Amino acid sequence: MRFLGSKRSGCLETTVLCVMVCAAGCQFDKSGLPVPEPPLACGNGILDVDEDCDGSELGGQTCEAQDYLGGGTLACTDQCIFDVSLCEEPESCGNDLLESPEECDGPDLGGQTCEGLGFDFGQLACSDGCTFDTQGCSGSFCGDGTQDSGEDCDLNDLGGETCLTQQHDGGALHCNTDCTFDVSACLDVVPDWYDVAWLYRKTITIHASRVVDDESNFAVAILQPADPQLQAQAQSNGDDLLFTADDGTTKLSHEIEVYNPTTGALVIWVSVPLLSSSTDTLLYLYYGNPAATNQQSPPDVWDGQFTGVYHLVGDGSAPFGDSSGSGNHATAGNFSGDLTVGGKLGPGQALNGTNQYVEIPAGATSGHDHFTYCLWVSTSENGSDGTYWQRPSLFGQSIAGYGTDDFGMTTNNGVLGMWTGLESGDDDNISSETINDQVWHRVCAVNDGNDIRLHLDNLGSVLSVPSGGSVNSQAFWLGGRAGEGGGDFHEGHYDELQISSTNRTNGWLETSYLNQAQPLSFYTVGNEQYYLQ
């Protein structure tokens, strides 16, 4: 039989010796027990001292509370002690086999130990009700809310420790479920902070693997499709956005092309003093200064070889600004309302191929005997012409006669080409590259003084024509051909026209393409850092 001496309904706590035997069905046979005298107040229906129960008043007790895990109905005897005759043990409890819903059964503990229950040592046992008996276990118990020996903490009991005592500068110390300290919410003062008025910053890591050659004073495009932390902490006009070099304190020049305060999305150009092809380049973006004035310096973003940089932001009612600082602002030609569309980087312009263009003043190109002209275009233009200089023009101008130092980039039946009068005669060439697929392509013409090479995307040179002389003093059109007669319009969406008075290297061309074509793989933006005050 199983000894149930802990139950008051067995032998009463008395000096009288009693003997119980186990009847069939594994229940105690109490027929030989003397009937105890009930307490004096027994029977009044009120639970008094020395009574387990009284009538229907059971003091909230149940069969389960009396270790009868099989359930049943607990009652009260006339002697005001519990009547467990209708309580039931689990059918399997007591057969020394661990079965659901038992925690254990006799010697079968299911492999559990005192240590497994969070104690330091001891001997785990099984109670008669097939639950764990931990009276033989000793030591601390992780999760009991008391910080014991061997524990850093326990739930909310941190043992008097704080972030400060854990060598941090502030914040909130917490406890992990394994009773070790959680310092993730502790804060530290960062020593290389630009200015304490800026409360937040993020790292921007430019990947050396995306930089073809080392570049100096390189304008890097930073695009964030959305940033809820900027949206929450930065000024709505972006005036407090600020960039530094990897030391966290040397301010870098930047230009905001787009900042959306509703989403935190942005397009920003940052001048990086040295862009390495062997070591990742680290920048910091600071924000969160409500008192800051405009931190931009657009002309300083672009090196001295740029004579025209056009982001093509605007509805054409005002000039399209020249960010290079050269003052060669562009104007809209025959715009019929706002032609703004989504560009490759920020907004762009949709030109109809009939009469619309953007005029680039002569100051941006005049006198160039070396140059680099780059633009982004998405088009389905399929026009053609047997005369090379009358084909649909992406960017160009012409003057009557041969060798008049004019130039143009064109397509013919969607195939990319160019022509030039930058020598004694005129030359033209048509490539094998088709671009009228409504996909954004970057087209660059690079003149080294001897030849003009045409580059498409990141494929290198696709064709070349001879060069010589200097570009004349006439304006160029984007989306058409300026000069004699004017026209040969090219339908398409245009973005980011950049004009340089030097022949950029292949490394520069490839690096700028990788930055602009796939900005989110060109760099990684880190987590927000907070300056603790």
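None of these values were measured; they are calculated from a predicted model. Quick note: numbers below take in every heavy atom, side chains included, and nothing from hydrogens, waters or symmetry partners.
Taking every heavy atom of both residues into account, T180 and D152 meet most closely at CA-OD2, 3.5 Å. Here the closest heavy-atom approach between residue P261 and residue Q231 is recorded as O-CG, 3.1 Å. Residues N382 and G414 share a closest heavy-atom pair of OD1-N, 4.1 Å. G308 approaches S324 most closely through the heavy-atom pair N-OG, 3.6 Å. Nearest heavy-atom pair across G170 and C163 is O-CB, 3.3 Å. Closest heavy-atom contact between G314 and T340: O-OG1, 3.0 Å.
Remark: D322 pairs with no residue by the salt bridge (Lys or Arg N to Asp or Glu O under 4.0 Å) rule, at least two apart or across chains. In this view, R453 and D448 satisfy the salt bridge (Lys or Arg N to Asp or Glu O under 4.0 Å) rule, not counting sequence neighbours. Among residues two or more places apart in sequence or in another chain, the salt bridge (Lys or Arg N to Asp or Glu O under 4.0 Å) test is passed with D227 by K202. Residues passing the salt bridge (Lys or Arg N to Asp or Glu O under 4.0 Å) test with D303 are R504, sequence neighbours excluded. Take Q235 and apply the side chain to side chain donor-acceptor pair (under 3.5 Å) test, not counting sequence neighbours, and it matches no residue.
Side-chain atoms of N176 never come within 3.5 Å of backbone atoms of D178 as a donor-acceptor pair (strictly under, hydrogens ignored). Side chain of N472 to main chain of Q474: a donor-acceptor pair is present (N/O by atom type, distance under 3.5 Å, no hydrogens or angles). The main-chain N or O of N355 is found under 3.5 Å from a side-chain atom of N352 such that the two form a donor-acceptor pair. Looking at S366, its side chain never comes within 3.5 Å of a backbone N or O of G363 through a donor-acceptor pair. Of the possible polar contacts, one joining the Q349 side chain to the L312 backbone as a donor-acceptor pair under 3.5 Å is found. Under the 3.5 Å distance criterion, the side-chain polar atoms of Q224 are left unmatched by any main-chain donor or acceptor of G264. Although no hydrogens or angles enter the test, the distance criterion places a donor-acceptor pair under 3.5 Å between the side chain of R391 and the main chain of D385. A donor-acceptor distance shorter than 3.5 angstrom exists from the side chain of S431 to the backbone of L416, with no hydrogens or angles considered. In this structure a side-chain-to-backbone donor-acceptor pair under 3.5 Å is missing from Q229 to Q233. Checked by atom type and distance alone, the side chain of S512 pairs as donor or acceptor with a backbone atom of L509 at under 3.5 Å.
Ring pair F489/W477 is parallel by interplanar angle, where below 30° counts as parallel and above 60° as perpendicular. Between F371 and Y373, the ring planes lie parallel to each other; the angle is under 30°, not in the 30° to 60° tilted range.
Here the CG-CE distance, from L454 to M418, works out to 5.0 Å after rounding to the nearest 0.5 Å. Separation of atoms NE2 (H368) and CG (N503) is listed at 12.0 Å; rounding is to 0.5 Å. A distance of 7.0 Å separates OG1 in T411 from CG in N436, rounded to the nearest 0.5 Å. Here the OH-CG distance, from Y357 to L478, works out to 12.0 Å after rounding to the nearest 0.5 Å. Here D437 contributes atom CG and S378 contributes atom OG; the two are 7.5 Å apart, rounded to the nearest 0.5 Å. How far CG of L345 is from CG of L223: 5.5 Å, rounded to the nearest 0.5 Å.
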Side-chain donor-acceptor contacts of residues 463-471 below 3.5 Å, not counting sequence neighbours, with atom names and distances?
residue: S467; atom: OG; partner: N447; partner atom: OD1; Å: 3.0
residue: S467; atom: OG; partner: N447; partner atom: ND2; Å: 3.2

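Legend: ring-ring contact (aromatic ring centres under 6.0 Å, His included) pairs involving residues 438-472, not counting sequence neighbours: none detected. Applying the disulfide bond (SG atoms under 2.5 Å apart) test to pairs two or more places apart or on separate chains, none has a residue in residues 260-324. Pairs passing the disulfide bond (SG atoms under 2.5 Å apart) check and including a residue from residues 242-277, sequence neighbours excluded, do not occur. Evaluation of the disulfide bond (SG atoms under 2.5 Å apart) test over residues 402-442, restricted to residues two or more places apart or in two chains, returns none. Evaluation of the disulfide bond (SG atoms under 2.5 Å apart) test over residues 440-490, restricted to residues two or more places apart or in two chains, returns C374-C444. Screening residues 250-280 for ring-ring contact (aromatic ring centres under 6.0 Å, His included), with sequence neighbours left out, gives F243-H254, W269-W302, W269-H311.
When D406, T410, D488 are each tested for a side-chain hydrogen bond (donor to acceptor under 3.5 Å, both in side chains) with R481, only one passes: D488. Shown are Y284, W198, Y286, Y200; of these, the ring pair (Phe, Tyr, Trp, His ring centres under 6.0 Å) with W193 is made only by Y286.
Between C179 and C153, the two SG sulfurs stay at or beyond 2.5 Å from each other.
With a 6.0 Å radius and a threshold of 12 heavy atoms from other residues, nucleotides or ligands, D247 has its CG atom above the threshold.
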Walk me through whether T146 and D148 qualify under side chain to side chain donor-acceptor pair (under 3.5 Å).
CA-CA 6 Å; T146 301; D148 301 301; 5.4 Å; no
Stepwise, does the side chain to side chain donor-acceptor pair (under 3.5 Å) test hold for T293 with D239?
CA-CA 6 Å; T293 56; D239 275 357; over 6 Å; no
Could you check K344 against Q516 for side-chain contact (heavy atoms from CB on, under 4.5 Å), going step by step and ending with a plain yes or no?
CA-CA 8 Å; K344 175 59 182 175; Q516 296 174 32; 5.7 Å; no
Evaluate side chain to side chain donor-acceptor pair (under 3.5 Å) for Q390 paired with S398, printing each intermediate quantity in order.
CA-CA 9 Å; Q390 291 183 325; S398 67; over 6 Å; no
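Under a cutoff of 6.0 Å and an axis angle of 45°, R442 and Y513 do not form a cation-pi pair.
Using a 4.0 Å cut-off between charged nitrogen and carboxylate oxygen, D195 and K251 do not count as a salt-bridge pair.
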